[in-house]
Every structure is written in C-alpha cells, then in structure tokens.
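Here is the structure we will look at, set down as structure tokens.
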Protein chains: 2
Amino acid sequence: MYANEFDATMQLIRGKWKIRILYQLNGNEHSRFNTLERNMKPITHKILAEQIQQMIDAGLVERHDFHEQPLHVEYNLTKKGQSLIPVVDVICDWGLANIDPSELKETLCD
Amino acid sequence: MYANEFDATMQLIRGKWKIRILYQLNGNEHSRFNTLERNMKPITHKILAEQIQQMIDAGLVERHDFHEQPLHVEYNLTKKGQSLIPVVDVICDWGLANIDPSELKETLCD
DNA sequence: CTGTATCCTGATAGATACTG
DNA sequence: CAGTATCTATCAGGATACAG
C-alpha cells in the first residue's frame with residue numbers, strides 16, 4: 001500500500017469544496033471568481049479564495065490575471081488538475097453503486 | 001457530477017487511519033484488535049476502536065466474537081469493504097504518478 | 001472585482017486512565 | 001483481550017468586516 005501517496009492525494013481532494021471547484025472548473029473554462037462564487041452558492045467568499053489558493057499551490061489550478069480595471073482574473077484547471085477528474089469520478093461511481101440514496105444528505109450542488 | 005455520492009464515499013475513507021485499517025484487514029484476514037493495534041503502531045487504542053466501530057456501522061467491516069475467555073474477537077472486511085480497495089488503489093496510484101516524492105511526509109506504515 | 005484579516009464553532013485526533 | 005470515558009489540542013469551515 002502507499003499510505004503516503006494516498007494521504008498526499010487526499011489532501012488535494014479532501015474537504016467540502018475542493019471537488020466541487022474541480023468539477024466547476026472542469027465544466028467551465030475561464031471561470032472568474034464571482035462566477036464561481038455564484039455557481040457554488042452556499043460557499044463563503046473567504047473559503048472559496050482559500051481553497052482556490054491551495055489548489056493553485058498544489059498545481060491543480062492556474063490563475064490568469066488580465067491586469068484590467070475593474071479587476072479581471074480567470075481560473076483554469078492545469079493538466080494535473082484535469083488528471084484528477086477520473087480519480088474523483090471513480091469515488092463518485094463507487095458511491096453511486098454502493099450508497100443507499102436514503103443515506104445521502106441534501107443536494108448542495110448538482 | 002455526484003457531489004453527494006462523493007461526500008458519502010469520502011466519509012468512509014477519510015481521516016488518518018481508515019484506509020490503513022482497510023489495507024490491514026485486506027492483507028490479514030481474521031485480524032484481532034491488539035494485532036491491528038501493534039501493526040499500526042502509532043495509532044491510539046481509543047482511535048482504533050472508534051474507527052473500527054465506524055467502519056462496522058458503515059458495513060465495511062464485520063466483527064466476529066468467539067465468546068471465549070480471554071476475549072477473542074476477529075475482524076474482517078465485508079464484500080462492501082473489499083469493493084472499496086480498488087477505489088483506494090486509484091487514489092494511491094494517482095499520487096504515485098503525480099506527487100513529487102520530496103513532498104511526501106515520513107512513512108507511517110508501509 | 002478580487003482578495004485578506006479576525007474571530008468563532010464543530011469535528012477529529014490523541015493522551016491517559018478505567019472496566020469487564 | 002477488548003472496549004469505554006474524559007479531557008485536551010488542532011484544524012477545517014464559516015460569519016463578518018475591511019482593503020487594493
């Protein structure tokens with residue numbers, strides 16, 4: 001087993017928002033901050049900024065600043081970020097096959 | 001995307017110890033409590049008991065009490081628990097392929 | 001529009017000691 | 001041997017306000 005690789009990878013997808021951001025960016029290239037904020041509704045301004053920054057640090061997301069006024073910044077998945085999608089899909093699929101729908105909580109986003 | 005299935009599945013493998021227990025039980029059928037405790041060294045007595053209980057509740061592990069004196073209890077993965085192994089492997093494999101070894105922390109168990 | 005700083009709360013992990 | 005109870009430390013998530 002590779003517990004450390006597991007932990008390191010989990011670090012990247014763990015938490016309430018990371019995969020949701022991953023899927024958002026995967027579905028919508030050139031996403032802007034406030035668009036993301038709007039699309040992921042109950043997320044907090046601060047948390048979104050925090051999570052995105054962590055994903056940038058991890059090399060999953062790249063930030064493109066247009067240096068315009070008013071501020072214009074776009075986010076995209078890097079190759080590394082894209083390569084994570086199939087991994088997350090496997091997790092979702094297992095849940096889909098093995099988790100009783102009645103156990104699932106309220107839909108947060110879909 | 002299936003955020004809820006993802007969250008529900010993550011719930012089962014999240015945390016510092018759950019996959020390690022999963023791998024331990026996968027590699028050694030009929031594991032006993034103190035054997036697990038010894039094999040997973042820095043784990044705490046309380047934490048191990050807690051995590052196992054959660055995995056039993058989730059249907060991943062089954063407990064077999066031999067009703068002997070001194071106490072003799074064995075743990076095994078259920079089918080559901082076993083089916084989680086390939087999922088966890090995918091995560092480990094991605095880490096193996098994408099994470100710089102220098103970023104990895106000390107080996108906890110291997 | 002994009003980002004940072006403060007403060008608060010709940011969940012998780014761990015040290016330690018006790019019970020049948 | 002197997003399991004529970006207490007208390008404490010740490011961290012992720014969130015509410016809110018402020019700044020370039």
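Atom CG of B/L48 and atom C1' of C/dT16 are 16 Å apart (whole Å). Look at CE on B/M40: it is 14 Å from C1' on C/dG14, rounded to the nearest Å. Following rounding to the nearest Å, A/D65 (CG) and D/dG20 (P) show an atom-to-atom distance of 17 Å. In this structure, NZ of B/K41 is placed 21 Å from P of C/dA13, rounded to the nearest angstrom. If you take CD1 of B/I52 and P of C/dT12, they are 17 Å apart, rounded to a whole angstrom. Atom CD in A/E50 sits about 11 Å away from atom C1' in D/dC11, given to the nearest Å. As rounded to whole Å, 11 Å separates atom C1' of C/dT4 from atom CZ of A/F33. Rounded to a whole Å, the CD atom of A/E37 is 14 Å from the P atom of C/dT4.
Where A/Q51 and A/L71 each meet DNA chain D at their nearest nucleotide, the meeting point lying more 5' is that of A/Q51. Nearest-nucleotide assignment on DNA chain C puts the 5′-proximal partner with B/Q54, out of B/H45 and B/Q54.
For C/dT12, the OP1/OP2 oxygens have no side-chain nitrogen or oxygen of B/W17 closer than 4.0 Å. The side chain of B/Q53 places no N or O atom within less than 4.0 Å of a non-bridging phosphate oxygen (OP1 or OP2) of D/dT4. One finds no side-chain N or O of A/T44 lying less than 4.0 angstrom from the OP1 or OP2 phosphate oxygen of D/dG13.
Side chain to side chain, A/Q51 and A/K16 fail the donor-acceptor criterion of an N or O pair below 3.5 Å. With 3.5 Å as the limit, one finds no donor-acceptor pair spanning the side chains of B/H64 and B/E62. Side-chain atoms of A/D7 and A/Q11 include no donor-acceptor pair closer than 3.5 Å.
Proximity note for A/I47 (side chain, C-beta onward) versus D/dG13, C/dG14, D/dA2: the nearest is D/dG13. Taking only side-chain atoms of B/Y75, from C-beta outward, the nucleotide of D/dA2, C/dA13, C/dT2 with the closest atom is D/dA2. The listed nucleotides are C/dA13, D/dT4, D/dG14; the one nearest the side chain of B/A49 is D/dT4.
Across all strands, A/E74 comes closer than 4.0 Å to no nucleic acid atom at all (heavy-atom distances). Here A/R14 lies out of heavy-atom contact (under 4.0 Å) with every strand.
B/L12 contributes atom CG, which lies 5.0 Å from atom CH2 of A/W94 (distance to the nearest 0.5 angstrom).
For a distance-only test at 3.5 Å, the side chain of A/K46 qualifies as a donor-acceptor partner of the base of D/dG14.
The closest side-chain heavy-atom distance from A/V73 to A/F33 is not below 4.5 Å.
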